Asker: 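Before I ask anything, here is the structure I am working with.
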Amino acid sequence: MKEETRKDISYNPKAIEHKWQEKWEADKLYRSVIDESKPKHYALTMLPYPSGDLHIGHWYAMTPSDARARFMRMRGYNVLFPMGFDAFGLPAENAAIKEGIHPMKRTYENIERMRKQMKTMGAMFDWEREAVSSDPEYYKWTEWFFIQLYKAGLAYRKLSAVDWCPKDNTTLAREQVIGEDRRCERCGTPVVKKELEQWFFRATKYADELLNFDGLDWPERVKTLQTNWINRSEGASVIFKTESGDEIEIFTTRPDTLWGATFMVFSPEHPLVDKVTTPENKAAVEAYQAQAARQSDIEREAVDKEKTGVFTGGYAINPVNNERIPIWVADYVLMSYGTGAIMAVPAHDERDFAFAKKYGLPIVEVIRPEGQEEAGELQEAYIGEGVMVNSGPFNGTKVNTEKGRKNPGISAVIDWLEEKGIGKESVNYRYRDWLISRQRYWGAPIPMIHCDVHGWNPVPEDQLPVMLPEDVEWKPTGESPLKLHPTWKNTTCPVCGEPATRETDTMDTFMCSSWYHLRYLSPHYDKGPFDEAEYNYWMPVDTYTGGIEHATMHLLYTRFFHKALRDAGIVEGNEPMMQLRNQGMVLGEDNEKMSKSRGNVIAPDVLVDRYGADTVRAYIMFFARWEMGAPWDSQGIEGSARWIRRIWVLFTDPSTTAQDASDSSGSASAEVKRTLRRKAHQTLRKVTHDFENFEFNTIVSSLMELLNEMYKAREAGAVGSPEWNEAQDIYLRMLAPVAPHIAEELWTNHLGKPYSIHQQQWPKFDEEAAKEDVIELPVQINGKVRDRITVPAEAGEEEIKAAALASETVRKYLDGKEPKKVIVAHKRLVSIVI
RNA sequence: GCCGAAGUGGCGGAAUAGGCAGACGCGCACGACUCAAAAUCGUGUUCCCUACGGGAAUGAGGGUUCGAUUCCCUCCUUCGGCACCA
């Protein structure tokens with residue numbers, strides 16, 4: 001060992017990292033198998049899309065997650081920490097159109113490159129569980145799940161105006177249209193509306209359940225985003241009638257204002273518009289409809305736009321008072337929310353007020369602030385609390401600002417509506433059903449067959465997977481090659497056996513990622529989507545880590561998916577992922593988002609080559625609060641590199657190692673050794689706490705502090721003492737999750753301890769050792785620190801007080817007088833008021 | 001407009017059952033080693049002042065308290081989400 005120490009005198013990550021990675025792999029050190037004797041821990045980090053190269057963001061997401069998984073393993077858990085690829089998707093296909101490279105070829109080449117890059121992280125991924133969503137053995141089950149949802153009545157086909165990305169040539173789910181200007185989540189192109197028949201999942205069926213986060217340890221932020229996205233609103237649905245007797249259902253959150261409904265407004269696309277429009281208004285209404293259809297959603301939905309509309313000439317009957325009220329058409333009413341028709345109560349709704357003022361429609365006050373006389377002409381809509389007036393049987397009923405049943409006025413009116421049979425309590429959501437059809441090739445085929453006689457039927461399950469044909473051509477128009485393929489879509493009807501055609505659309509890739517955590521359990525299992533035994537042992541996911549950008553997409557889809565599978569009897573439990581933590585984003589050194597066009601991209605490969613993976617891992621954990629993220633700093637990483645080198649030096653320098661230091665062994669004072677041991681255990685307590693709480697930056701800084709302390713102890717001659725040996729032992733165990741290679745090298749080759757450090761237990765914390773013997777307390781006089789006193793750690797309040805008052809400085813300030821007040825903040829500080 | 005998060009040295013960030021603000025690191029300065037440089041090691045590093053000593057300071061202002069980065073109120077800035085949602 002001595003010779004080896006001399007040989008490897010300077011830290012050389014290249015020499016040690018690859019060596020250990022190979023040995024760990026050969027020894028299957030990170031293979032996770034069912035072990036009933038240990039508690040399990042399923043740690044999951046979001047799988048990457050195989051875009052080409054691993055970037056620093058992947059490292060930022062994955063290596064702290066890996067460190068924590070390693071920590072859990074050392075704490076005695078049987079940890080599963082798998083990795084895979086979300087391999088279907090548009091970029092590969094767009095590249096195929098542009099460059100003529102088949103997306104399959106390109107995807108698998110990228111996967112190979114990224115897998116290789118990932119292996120340089122030294123993460124504890126169990127590669128035998130790798131799952132790739134574009135493998136037929138994977139997407140067979142994605143298709144199978146579609147059929148299960150279809151059978152459960154959760155998949156349906158509907159003609160509707162859907163969002164279409166003209167650049168990517170496909171429809172998008174509502175969640176994938178982002179921002180005020182309604183852009184495609186992938187490519188940033190503004191989307192347009194298109195009338196298409198498409199497949200949907202009935203996610204809205206689970207809206208209420210998705211609002212319930214009981215038992216989930218998820219960030220408030222994500223829960224809020226999902227709650228706002230679903231946007232539940234309570235109210236009533238009420239049936240109005242046209243003069244010819246057609247029913248018009250409306251949704252309102254303010255049934256208490258029904259008596260103030262002085263007109264109705266239809267969305268331009270409302271099906272009854274044509275019928276209620278009188279001949280003399282027909283031209284104007286049609287012109288308005290045509291104009292609305294031409295306008296983009298962005299123009300239409302601009303909030304500050306002045307309201308426009310036209311009168312249809314038709315009238316409706318307000319069912320609560322049988323008033324005859326005019327029906328207008330206006331584009332501020334959206335067909336996509338509620339029923340596409342509203343009752344307008346100008347006195348108590350700002351939008352209706354503005355519209356009524358503009359077109360001279362009547363305004364009837366029905367809620368009045370309590371104790372106030374009739375206000376005369378209203379200057380603005382009144383939204384506050386008050387009592388109902390001009391409301392027939394409800395005059396005098398109190399109304400507050402609560403929603404739904406919590407509001408006495410609303411509650412009373414709902415009861416009355418239900419009794420009379422003209423309306424009922426109702427809940428509305430912004431949340432929409434999940435549109436999953438994509439007019440693209442590189443995705444899991446939707447396993448449905450259309451027959452002219454028998455309509456749509458699923459592909460028989462024994463014929464799965466519906467394989468993607470490989471002999472396909474791309475047209476520059478971007479049209480799906482599945483549609484253009486000469487034979488692929490031809491098949492037979494599963495009901496009658498006559499010629500029929502396949503669905504040529506593929507599934508949204510979020511479908512693939514909704515269940516990948518299940519495929520990891522048994523990626524090559526062919527009797528089902530997962531092996532039951534694996535499921536029973538590992539699920540649910542205990543800790544899930546990934547970016548916040550998926551709050552209302554992936555994270556909502558996967559919750560819906562799990563609930564749907566639960567109801568289909570495929571999985572158990574209400575939630576797939578119990579604990580969620582989001583990491584922030586690494587920005588470029590210019591404090592901007594990293595992008596090739598800005599030229600501020602940090603390549604992890606270059607860093608690994610220069611510093612070694614351990615340093616990159618350490619710096620990633622150290623340089624920012626994990627959930628916040630921060631700009632990269634090329635100078636800053638030098639600090640972490642220095643720290644790792646200093647560890648190396650301390651553990652390998654011949655003057656430090658026990659066997660070479662026998663002359664100085666034990667020469668340190670008891671005080672030095674006591675201090676070293678105390679610091680080691682205090683650090684252990686801190687690091688343990690911080691790992692539990694994902695506070696990676698302070699883990700590294702605590703380890704830096706302890707190292708500095710160990711250097712001091714070395715100077716004071718502590719090397720070779722039991723305290724020194726213990727500190728070394730604890731140090732490497734704590735270091736192992738952060739910097740697994742150097743920890744292994746020092747542990748196994750320099751300290752000669754049993755391989756592998758990654759199979760060791762987390763060190764045992766000794767409360768007694770961490771305890772302070774004496775404590776120093778600041779003494780404040782009138783809120784300012786004037787002195788410090790030193791007292792035994794176990795000193796009581798009286799003793800501390802006496803010591804403080806005995807201090808010379810304090811006596812000087814007191815000048816013989818009695819203090820007004822002496823406060824001893826236990827073991828923290830003494831505060832004296834004069 | 002509504003909802004949410006965040007504002008601490010030159011920089012990244014520590015510290016919140018209310019208790020020494022600036023841990024740890026970067027950078028910078030000075031020193032040691034060196035012919036010299038790099039590396040390394042050591043010391044210092046919030047700001048202001050007649051500097052032994054004192055004062056101010058955690059986006060701004062106010063409040064509660066012996067004591068506030070931490071709690072409360074008002075406001076400012078930045079970022080994120082939603083938005084004519086009936």
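Keep in mind that what you see is a predicted model, and the values were worked out from it rather than measured. Order of the sequence lines sets the chain letters (A, B, ...), proteins ahead of strands, with each chain counted from 1.
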Asker: Expressed in whole Å, how much space separates the C1' atoms belonging to G31(B) and C24(B)?
Answerer: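 So the two C1' atoms sit 24 Å from each other.
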Asker: Tell me yes or no: between the side chains of S233(A) and N428(A), is some donor less than 3.5 Å from an acceptor?
Answerer: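 No, no side-chain donor-acceptor pair sits under 3.5 Å.
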Asker: Within the structure shown, what part of the strands sits under 4.0 Å from T253(A) by heavy-atom distance: base, sugar-phosphate, or nothing?
Answerer: sugar-phosphate
Asker: Will you find, in the side chains of E234(A) and T253(A), an N or O donor that is under 3.5 Å from an N or O acceptor?
Answerer: no
Asker: Would you say NZ of K358(A) has more than 12 non-hydrogen atoms from neighbouring residues, nucleotides or ligands within 6.0 angstrom?
Answerer: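 Check passes, neighbour count above 12.
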Asker: Among the nucleotides C84(B), C24(B), G80(B), which one has an atom lying closest to any side-chain atom of D331(A)?
Answerer: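 The closest nucleotide is C84(B).
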Asker: Taking for each residue the nucleotide of RNA chain B with the nearest heavy atom, is it F623(A) or G636(A) whose nucleotide lies nearer the 5' end?
Answerer: F623(A)
Asker: Answer syn or anti for G9(B), where the cut-off is 90° from 0 on the glycosidic torsion.
Answerer: syn
Asker: Ignoring the backbone of S701(A), work out which of C24(B), C84(B), G27(B) is nearest its side chain.
Answerer: C24(B)
Asker: Would you mind classifying the nucleic acid contact of K784(A) as base, sugar-phosphate or nothing, using non-hydrogen atoms under 4.0 angstrom?
Answerer: sugar-phosphate
Asker: Start with the C-alpha distance between R625(A) and E627(A), add both sets of side-chain angles, then the distance that settles salt bridge (charged side-chain N to carboxylate O under 4.0 Å, His left out), and finish with yes or no.
Answerer: CA-CA 6 Å; R625(A) 234 156 91 189; E627(A) 73 273 22; 3.4 Å; yes
Asker: Taking the side chain of S831(A) as heavy atoms from C-beta outward, which of A86(B), G19(B), C3(B) is closest to it?
Answerer: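 So the side chain of S831(A) is nearest to G19(B).
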Asker: Tell me what N697(A) touches on the nucleic acid: a base, only sugar-phosphate, or nothing, going by heavy atoms under 4.0 Å.
Answerer: sugar-phosphate
Asker: Categorize R788(A) for me: base, sugar-phosphate, or nothing, with a 4.0 angstrom heavy-atom threshold over every strand shown.
Answerer: base
Asker: At under 4.0 Å between heavy atoms, what does D352(A) touch on the DNA or RNA strands: base, sugar-phosphate, or nothing?
Answerer: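 Since no nucleic acid heavy atom lies under 4.0 Å of D352(A), the category is nothing.
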Asker: I647(A) has an atom CD1; how far is it from atom C1' of C24(B), in whole Å?
Answerer: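 For the pair I647(A) CD1 and C24(B) C1', the rounded distance is 13 Å.
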Asker: Classify Q635(A) by what it touches in the nucleic acid, base, sugar-phosphate, or nothing, heavy-atom distance under 4.0 Å.
Answerer: sugar-phosphate
Asker: Over all strands shown, is R232(A) touching base, sugar-phosphate only, or nothing at heavy-atom distances under 4.0 angstrom?
Answerer: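 No contact.
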Asker: Indicate, with a heavy-atom threshold strictly under 4.0 Å, whether I823(A) touches base, sugar-phosphate, or nothing.
Answerer: base
Asker: Under 4.0 angstrom, heavy atoms only, what part of the nucleic acid is G629(A) near: base, sugar-phosphate, or nothing?
Answerer: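 G629(A): backbone/sugar contact only, no base atoms under 4.0 Å.
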Asker: Cut-off 3.5 Å, side chains only: do R786(A) and Y813(A) have a donor facing an acceptor?
Answerer: yes
Asker: Reckon R351(A) has a side-chain N or O less than 4.0 Å from the OP1 or OP2 of C85(B)?
Answerer: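 Checking C85(B) against R351(A), a side-chain N or O does come within under 4.0 Å of OP1 or OP2.
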Asker: Counting the atoms with a prime plus P, OP1 and OP2 as sugar-phosphate, which does F622(A) contact under 4.0 Å by heavy atoms, base, sugar-phosphate, or nothing?
Answerer: base
Asker: Would you indicate what W643(A) reaches in the nucleic acid, counting non-hydrogen atoms under 4.0 angstrom: base, sugar-phosphate, or nothing?
Answerer: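 Nothing: the residue W643(A), judged by heavy atoms under 4.0 Å, touches no strand.
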Asker: What does R786(A) touch in the nucleic acid at a heavy-atom separation under 4.0 angstrom: a base, only the sugar-phosphate, or nothing?
Answerer: sugar-phosphate
